[in-house]
Amino acid sequence: MTANSDWPLWEVFLRGRRGLAHQHVGSLHAADPEMAIQNARDLYTRRGEGISIWVVRSAEIHASDPDDQGPLFDPPADKIYRHPTFYEVPEDLQL
Amino acid sequence: MSSIAAVVAPSDLVEVALGLGDDCLILSYRLSEWTAHAPEFEEDVAMANLALDLLGQARNLLTLAGELEGRGRDEDELAYLRDDRQFCNLLLVEQPNGDFAVTMARQLFFSCYQVLLYRGLAQSSSPALAGIAAKGVKEATYHLEHATLWTLRLGDGTEESHLRMQAAVDQLWPFTGEPFLTEAAWARLCDARVVPDLQALRERWQAEVRAILREARLECPEELGRQRGGREGLHSEHLGHLLAEMQHLHRSHPNATW
């Protein structure tokens with residue numbers, strides 16, 4: 001086996017039997033979308049993990065810049081009132 | 001209407017189950033030879049999956065054959081302790097892997113046959129055969145899709161891939177007629193609605209495979225191939241080599257487990 005640089009990389013998302021949303025499970029190489037779905041089926045659903053597959057060309061995914069982590073994700077850190085745990089739940093409330 | 005047991009000879013069922021089981025076992029072994037040698041990691045796993053599907057079908061069919069035979073032979077004894085003349089698989093499935101195109105042409109020809117066969121067998125008056133076929137038809141359908149996509153991709157691909165895919169079709173075409181030859185046992189079981197009519201299957205196989213080959217810009221002869229003998233135990237030289245490797249461990253260390 002050789003690593004083939006001709007075939008683009010694809011990201012694979014699966015929706016499980018009881019899952020509501022597709023979740024990222026990994027990536028693979030394939031020449032086109034059909035092959036990517038077949039390969040995803042063979043690589044990631046061998047133990048009945050999913051009932052729906054999405055594949056997306058990895059090159060089509062735009063990611064946030066790791067260097068921006070501070071400005072992007074730190075500001076909410078001191079805004080605890082955004083978490084539901086900030087509020088006290090009345091004792092007689094039936095959940 | 002008489003009961004099935006009254007009109008169906010168990011020996012006929014044994015013969016048919018053995019033949020179909022051997023098809024699955026031998027092709028499974030051939031596909032497993034690609035493990036760690038496939039052109040891509042992804043395809044490596046895909047072919048191992050096909051091999052495992054077929055191995056599961058082989059186990060069910062050989063176990064059924066052993067039970068019906070009533071001589072106490074189980075799946076392992078049938079798989080590992082028969083000689084090549086006692087195997088009744090089609091010549092197509094024992095053909096060497098060749099290049100990737102040959103493996104995919106073999107899979108296309110066999111899986112198309114198997115899908116049509118299992119669809120028919122799923123309606124069988126034999127509950128055991130119907131059950132095995134109903135489970136297997138989903139697996140075979142996927143195998144056919146996989147082989148079809150590769151046939152189209154290679155046949156209608158680059159100049160090199162087209163030449164190789166055409167050579168693969170030419171090489172294996174002589175073995176395309178054998179699956180549809182009706183032996184005496186099959187004919188009797190067909191009358192009892194245990195197995196489907198092979199002539200009808202043959203027509204549909206021709207239509208489906210020819211349509212795929214046409215779309216892939218591949219040519220094939222008008223007539224199906226005439227090579228035969230596998231069902232009677234008359235095999236090509238390739239089967240002996242395959243069995244020597246496949247059976248070596250069991251024969252050297254009987255009933256070894258790990």
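For the numbers below, each heavy atom of this structure counts, side chains included, while hydrogens, waters and symmetry mates do not. If you're wondering where the values come from, they're calculated on a predicted model, not measured in any experiment. Throughout, a chain's letter reflects where its sequence line sits, starting with A, and its residues are numbered from 1.
- Annotation for A/E49: atom CD counts as buried by contact number, over 12 foreign heavy atoms lying within 6.0 Å.
- Under a cut-off of 6.0 angstrom, the local environment of CH2 in A/W54 is sparse, with at most 12 non-hydrogen atoms contributed by other residues, nucleotides or ligands.
- Nearest approach of A/Q38 to B/Y142, heavy atoms of both residues: O-OH, 3.2 Å.
- Atom OH of B/Y80 is surrounded by 12 or fewer heavy atoms from other residues, nucleotides or ligands within 6.0 Å.
- Side-chain contact between A/R46 and B/N49 is present, with at least one heavy-atom pair separated by less than 4.5 Å.
- Atom CD1 of A/I61 has more than 12 heavy atoms from other residues, nucleotides or ligands within 6.0 Å.
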Side chain to side chain contact (heavy atoms under 4.5 Å, CB included) for A/N39 and B/E40? Distances and angles first, verdict last.
CA-CA 11 Å; A/N39 286 348; B/E40 297 287 333; over 6 Å; no
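- Heavy-atom neighbours of B/R164 CZ from other residues, nucleotides or ligands within 6.0 Å: at or below the threshold of 12.
- To the nearest 0.5 Å, atom NE2 of residue B/H146 and atom CZ of residue A/R41 are 9.5 Å apart.
- Put simply, of B/E145, B/E43, B/R153, the one with the most heavy-atom pairs under 4.5 Å next to chain A is B/R153.
- Considering only heavy atoms from C-beta on, A/D42 stays 4.5 Å or farther from B/E42 through its side chain.
- Here A/L43 contributes atom CG and B/D44 contributes atom CG; the two are 10.0 Å apart, rounded to the nearest 0.5 Å.
- The environment of NE2 in A/H24 is crowded: more than 12 heavy-atom neighbours from other residues, nucleotides or ligands sit within 6.0 Å.
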